[in-house]
Amino acid sequence: MNCRDIGERLSAGTPLTPLEQEHIASCAGCRQMLEMFATPEEAPSRQRLNAITAAVANDLQPVTPLPSDLRLVLIALGFFLVFTLLTGAISGLRGARQLSAGQQLPYYLVILLWALLCSIMLVQQWVPGVRKRLNEMSATVLALVVAAAVIALLFPVFDTDHFVALGLPCLVFGSGCALMFAGVISFFLRRGYCTSPLQALVTTALFSGLAGIAVLALHCPIQNALHILVWHFGAITVAILVAIILFRITFFRKGA
Amino acid sequence: MDRSSTREPTVSKGDALSIDKAAGPADDGNLETLFLLYQAGDRNAAAAFIAQISGKVFSYMLANTRDRQQAEDLLQDFWLRVHKARRTYRPGEPVLPWIYAIARRVKTDDYRRRNRIASHEVQTGEPPERGSIDGHPARSYMANLLNQLPASQREAVLLLKVNGLTLEEAARATGSTVGAVKQRAHRAFGTLRKFFGSSS
């Protein structure tokens, strides 16, 4: 038993064993470190506490708690599905009609699974103190790689004829859909509370960009992997840039 | 804190919350019950919840700011945000991670705001006298030592050892995993241990 073992036990947060307690009794350094943490809890002034209590009591209305994590994830996913199907139907399903069943299933399934990941990440960002089920960075990278691979396999065309002329309208349309989705989902997010504003904005932007990609997957008839990966996926880039600009404007105003 | 057992209040889900009022010890179950009643608009429960949680959060803010006045201001800001965000707490979830997640946000926002202001200000005279940290020498000593740790490690130690959260609760409060919190705490304790010299 040594001081390092005590450090491991303390970081595990479990009670000390008799052997560990014996070490602490004999080790002045470990004992002093533990005694340092045993300082009494501080209390704010009575005056301040009364002011806080009075302010809360003056504005006390019953509220309904948010639903469970699972229901929130399903609600977010539901928003996504309704928005993309409705917008796709209004703008025209030329893209979907061009695809065979063997192409539609993997293409739309990978987008749907990515949307599920985004929904989980969104709930993690907008409800304080939830159990973290996903590492956002790892999940996003994995989803991007898998989606890119599926698209490259399904549409193995990398033609660059009229690349920009054909691609820019898709980027504009997809980004527009992304921003519209962000506006729609903000009504859902208003009921939450984000503990990390930049992360929450980026997650929201990612989800919104994915909505743009999903609408384009239904609407755009161009079956060219390079076109899809650059111009359709570009909606995510635009959405994230807008999110970062919004963050800087909102949180970095002078004196704010 | 008095931990003598009292009759536990009962709460049922749905619109009609019923309670057999009891003061109760400040364990997690009691805190969660109090907060559910606070959500339902019960003034006494809100006051009791504020009374029970304020010491913990004030200690957390004080450990980070080392200034009583500032810590009290942050505490007030914290309760304002808790009040506005109270619907985001769900029955059955532990309440302490929810509380500390909001406290963390308050602390971070204040830190960023002060940095932004400091980068634009020009000192033209003597600054006003700051409210001092409490006179408890051990707490000042602890604050000095913790200040030498990286922010993430300092936070892990504060939440686990000073505020008494479990690993799971600290992980939820910081938006990270149990493994990450454990690793930060382990490194922090290793560094702190060096300040106290070798074992006898």
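Values below: all heavy atoms of this structure, side chains included; hydrogens, waters and symmetry mates excluded. Keep in mind the model is a prediction, meaning the values are calculated, not measured. Letters go in sequence order (proteins before strands), and every chain restarts at 1.
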May I ask you to decide if Pro65(A)'s main-chain N or O and Gln39(B)'s side chain share a donor-acceptor pair within less than 3.5 Å?
no
Taking the cut-offs as 6.0 angstrom to the six-membered ring centre and 45 degrees off its axis, would you call Arg48(A) and Phe58(B) a cation-pi pair?
no
Segment of Asn135(A) engaging chain B (4.5 angstrom heavy-atom cut-off):
neither
Against chain B, work out which of Ala51(A), Ser196(A), Pro67(A), Ala55(A) has the most heavy-atom pairs shorter than 4.5 Å and name it.
Pro67(A)
Value rounded to 0.5 Å, distance of CD in Glu72(B) from CG in Leu49(A):
9.0 Å
To the nearest 0.5 Å, how far apart are CZ in Phe189(B) and CG in Leu34(A)?
8.0 Å
On a heavy-atom basis, the closest approach of Ile50(B) and Ile52(A) is CG2-CG2, 4.2 Å
Closest contact, heavy atoms only, Arg193(B) versus Cys30(A)
NE-SG, 3.1 Å
Side chain, backbone, both or neither: which part of Arg43(B) has a heavy atom under 4.5 Å from chain A?
both
Which bit of Ile99(B) is near chain A, if near means a heavy-atom gap under 4.5 Å: side chain, backbone, both or neither?
neither
I'd like to verify something: which residue of Phe49(B), Tyr38(B), Tyr100(B) has the highest number of heavy-atom pairs under 4.5 Å with chain A?
Tyr38(B)
At a heavy-atom distance under 4.5 Å, which candidate from Thr166(B), Leu158(B), Leu167(B), Asn163(B) has the highest pair count against chain A?
Leu167(B)
Against chain A, label Glu168(B) side chain, backbone, both or neither, depending on which of its atoms sit under 4.5 Å from a heavy atom there.
side chain
Specify which of Ala173(B), Ala47(B), Ala46(B), Gly175(B) makes the most heavy-atom pairs with chain A at under 4.5 Å.
Gly175(B)
Could you tell me whether the side chain of Arg81(B) reaches within less than 4.5 Å of the side chain of Pro128(A), counting heavy atoms only?
no
Chain A contacts, top residue of Gly190(B), Ala188(B), Ala170(B), Ser176(B) (heavy-atom pairs, under 4.5 Å):
Ser176(B)
Decide side-chain contact (heavy atoms from CB on, under 4.5 Å) for Arg86(B) and Val56(A); before the verdict, give the C-alpha distance in whole Å, the side-chain angles of both, and the deciding distance to 0.1 Å.
CA-CA 11 Å; Arg86(B) 62 194 188 279; Val56(A) 166; over 6 Å; no
Side-chain ion pair, Glu93(B) and Arg131(A), N-O less than 4.0 Å:
no
Check: His83(B) and Leu60(A) side chains under 4.5 Å, non-hydrogen atoms:
yes
Minimum heavy-atom distance Leu72(A)-Arg90(B), with the two atoms named
CD1-NH1, 3.5 Å
Is any side-chain heavy atom of Cys194(A) closer than 4.5 Å to a side-chain heavy atom of Arg105(B)?
yes
Taking every non-hydrogen pair under 4.5 Å, which of Gln61(A), Arg133(A), Arg191(A) racks up the most with chain B?
Arg191(A)
Taking Thr108(B), Leu160(B), Ile102(B), Leu192(B) one by one, which has the highest count of heavy-atom pairs under 4.5 Å against chain A?
Ile102(B)
